[in-house]
Amino acid sequence: MPTNTSESGILTIKEVAEYLKVTERTIYRLAAARKIPGFKVGGMWRFRTADIDGWIAAQSQKAEGKD
């Protein structure tokens with residue numbers, strides 16, 4: 001059994017912030033605005049690693065398309 005959430009494929013706000021190298025406040029803002037894929041469990045935000053990786057890829061494609 002995984003010992004923390006990141007090993008199970010589910011990340012917390014703090015873990016996503018560290019993964020993307022931004023502040024926790026930025027992740028809260030993006031999640032609340034539905035600009036990053038996430039869901040709430042008992043009022044706390046959670047994120048699937050696969051969803052975050054897919055979101056990163058989509059952001060990269062958008063950036064490449066604008067250049």
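Values below: every heavy atom of this structure, side chains too, minus hydrogens, waters and symmetry copies.
For the atom pair CZ of R29 and CD of E24, the computed distance is 14.0 Å after rounding to the nearest 0.5 Å. In this structure, CD on E64 lies 12.0 Å from CD on Q59, to the nearest 0.5 angstrom. Rounding to the nearest 0.5 Å gives a distance of 10.5 Å between CZ of R48 and CG of D53.
Side-chain atoms of T49 and I10, non-hydrogen and from C-beta on, never get closer than 4.5 Å to each other. Side-chain atoms of Y19 and I27, non-hydrogen and from C-beta on, never get closer than 4.5 Å to each other. Proximity of L20 to I56: side-chain heavy atoms (C-beta onward) are separated by under 4.5 Å at one or more points. Residues Y28 and V16 are not in side-chain contact: their nearest non-hydrogen atoms beyond the backbone lie 4.5 Å or more apart. When side chains are defined from C-beta on, W45 does not count as touching T12, because their heavy atoms never get closer than 4.5 Å.
T26 contributes no side-chain N or O that, together with a main-chain N or O of V22, makes up a donor-acceptor pair within less than 3.5 Å.
Heavy atoms only, all atoms of each residue included: P37 and D51 are closest at CG-O, 3.6 Å.
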